[in-house]
Number of protein chains: 2
Amino acid sequence: MDSFQEIKDLFHVLGNPNRLKLFNILMTGVHCNCELSDQTGMAINLISHHLKVLQAAGLVKSIRGDTDARWIYYSVNEEKIKSVQTEINAFFDPERMIDREPICPPCKTKTKETNNE
Amino acid sequence: MDSFQEIKDLFHVLGNPNRLKLFNILMTGVHCNCELSDQTGMAINLISHHLKVLQAAGLVKSIRGDTDARWIYYSVNEEKIKSVQTEINAFFDPERMIDREPICPPCKTKTKETNNE
DNA sequence: CATATACTTCAATATAGATTGAATTATATA
DNA sequence: TATATAATTCAATCTATATTGAAGTATATG
């Protein structure tokens with residue numbers, strides 16, 4: 001997948017405020033479902049839905065509890081976070097900027113000529 | 001404005017694929033409206049709308065042409081980009097992660113106790 | 001001043017996807 | 001095995017906002 005596509009997916013997934021809120025909590029460490037519910041006030045099934053999207057994007061992972069497998073613990077995928085940082089820094093890199101002249105007049109003129117013939 | 005709010009706004013604004021596409025082009029330098037239209041295939045009024053949102057978020061700025069003031073040239077706000085980079089690196093900083101124990105069992109037990117009394 | 005060009009604004013519609021409540025699945029425990 | 005708990009899935013609805021076409025504004029030019 002090209003890097004623009006990855007950036008696009010990232011922004012799309014984290015563009016939702018509730019999803020971002022959940023991800024932000026997970027960035028501070030492992031949390032169980034009930035903690036996420038307590039801290040956000042979101043319905044449990046809604047949390048479940050958003051975590052699934054975050055997981056599908058590779059940003060988050062989950063493991064079942066070892067003492068009680070009904071509980072599920074969520075955390076960020078640290079490898080993915082690293083690559084996200086790299087990608088995003090490249091995306092916002094001011095070095096991408098080129099000192100250019102917009103070609104506005106030429107492209108319009110061309111159109112005009114074509115129409116006038 | 002707190003930094004989470006800024007991150008939230010950023011992701012919301014760039015969460016739209018067309019807006020991201022426009023911003024991505026502007027990251028490579030100044031462009032006129034017609035170039036943006038050529039490169040994206042988007043309707044001119046739609047471009048105008050999205051640029052306005054990008055501008056309201058402080059990400060993009062525009063100036064009218066000096067030879068012909070009908071033309072408008074768009075570019076990214078470099079100062080803003082710098083602060084965005086800083087904020088976003090802080091947001092994704094793995095150092096935020098704390099090695100903690102989810103408190104799932106306690107919080108449920110507490111609820112149960114309260115209900116049983 | 002009238003017409004053309006570049007762009008924006010407005011109002012209406014379309015659409016993706018967020019949210020909700022109910023049903024379902026997985027695990028644990030009496 | 002029956003019941004309770006934790007979480008997910010499903011189907012239906014709601015909502016924000018993207019998109020479209022038409023009208024409006026600003027600037028330029030004959």
Side-chain angles (χ1 to χ4, degrees), chain A residues 8-9 11-22 31-38 40-57 60-74 102-116, chain B residues 8-9 11-22 31-38 40-57 60-74 102-116:
Chain A
K8 193 168 106 179
D9 292 346
F11 276 105
H12 175 248
V13 168
L14 296 183
N16 175 275
N18 275 338
R19 223 140 49 205
L20 187 67
K21 211 179 285 182
L22 292 170
H31 284 74
C32 61
N33 223 316
C34 62
E35 286 175 304
L36 295 175
S37 168
D38 284 350
T40 62
M42 294 167 58
I44 196 72
N45 55 348
L46 184 55
I47 291 178
S48 187
H49 162 69
H50 284 312
L51 286 174
K52 195 179 167 189
V53 176
L54 287 166
Q55 226 166 343
V60 161
K61 61 188 179 186
S62 67
I63 53 165
R64 286 194 177 264
D66 52 349
T67 66
D68 188 330
R70 283 175 302 183
W71 302 324
I72 301 188
Y73 301 125
Y74 294 96
I103 57 164
C104 194
C107 86
K108 291 305 163 190
T109 312
K110 199 190 292 175
T111 315
K112 196 190 283 174
E113 279 167 3
T114 314
N115 293 343
N116 285 354
Chain B
K8 194 168 105 178
D9 291 346
F11 276 105
H12 175 248
V13 168
L14 296 183
N16 175 275
N18 276 338
R19 223 138 50 203
L20 186 68
K21 212 179 284 180
L22 292 170
H31 283 74
C32 61
N33 224 316
C34 62
E35 285 175 305
L36 296 174
S37 167
D38 284 350
T40 63
M42 294 166 59
I44 195 72
N45 56 348
L46 185 54
I47 292 178
S48 186
H49 162 70
H50 284 312
L51 286 174
K52 196 179 167 188
V53 176
L54 287 166
Q55 226 165 342
V60 161
K61 61 189 180 184
S62 66
I63 52 165
R64 285 195 178 265
D66 52 349
T67 66
D68 189 330
R70 282 174 302 183
W71 302 325
I72 301 188
Y73 301 124
Y74 294 95
I103 57 165
C104 193
C107 86
K108 292 304 164 191
T109 313
K110 199 190 291 175
T111 315
K112 197 188 285 173
E113 279 167 3
T114 313
N115 293 344
N116 285 354

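Each chain gets a letter, A, B and so on, in the order its sequence line appears, and its residues count up from 1.
Residues meeting the side chain to side chain donor-acceptor pair (under 3.5 Å) test with B:Asp68, sequence neighbours left out: B:Arg70. Listed by chain and residue number, B:Gln5 satisfy the side chain to side chain donor-acceptor pair (under 3.5 Å) test with B:Asp9 (two or more places apart in sequence, or in another chain).
C:dA26 atom C1' lies 15 Å from atom CD1 of A:Ile44, rounded to whole Å.
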Show me the protein contacts with nucleotides 28-30 of chain D, counting only N or O atoms at under 3.5 Å.
| from | atom 1 | to | atom 2 | distance (Å) |
| --- | --- | --- | --- | --- |
| D:dA28 | OP1 | B:Ala69 | N | 3.1 |
| D:dA28 | O4' | B:Arg70 | NE | 3.4 |

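The base of C:dG21 sits within donor-acceptor range of the side chain of A:Asn45, with an N or O pair under 3.5 Å.
Near-neighbour residues of DNA chain D inside residues 46-53 of chain B, defined by a heavy atom below 4.0 Å, number-ordered: B:Leu46, B:His49, B:His50.
Atom OG of B:Ser62 is separated from atom OH of B:Tyr73 by 12.5 Å, given to the nearest 0.5 angstrom. Rounding to the nearest 0.5 angstrom, the gap separating the CG atom in A:Leu14 from the NZ atom in B:Lys8 is 13.5 Å. Taking NE2 of A:His31 as the start and CG of A:Asp38 as the end, the distance is 10.5 Å to the nearest 0.5 Å.
Across all strands, B:Asn33 comes closer than 4.0 Å only to sugar-phosphate atoms, never to a base (heavy-atom distances).
The phosphate of D:dA6 has neither OP1 nor OP2 within less than 4.0 Å of any side-chain N or O from A:Tyr74.
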Using residues 40-50 of chain B as the side-chain source, report each donor-acceptor pair under 3.5 Å to any protein atom, sequence neighbours left out, with the distance given to one decimal.
| from | atom 1 | to | atom 2 | distance (Å) |
| --- | --- | --- | --- | --- |
| B:Thr40 | OG1 | B:Leu36 | O | 2.7 |
| B:Thr40 | OG1 | B:Met42 | N | 3.2 |
| B:His50 | ND1 | B:Arg19 | NH1 | 3.4 |

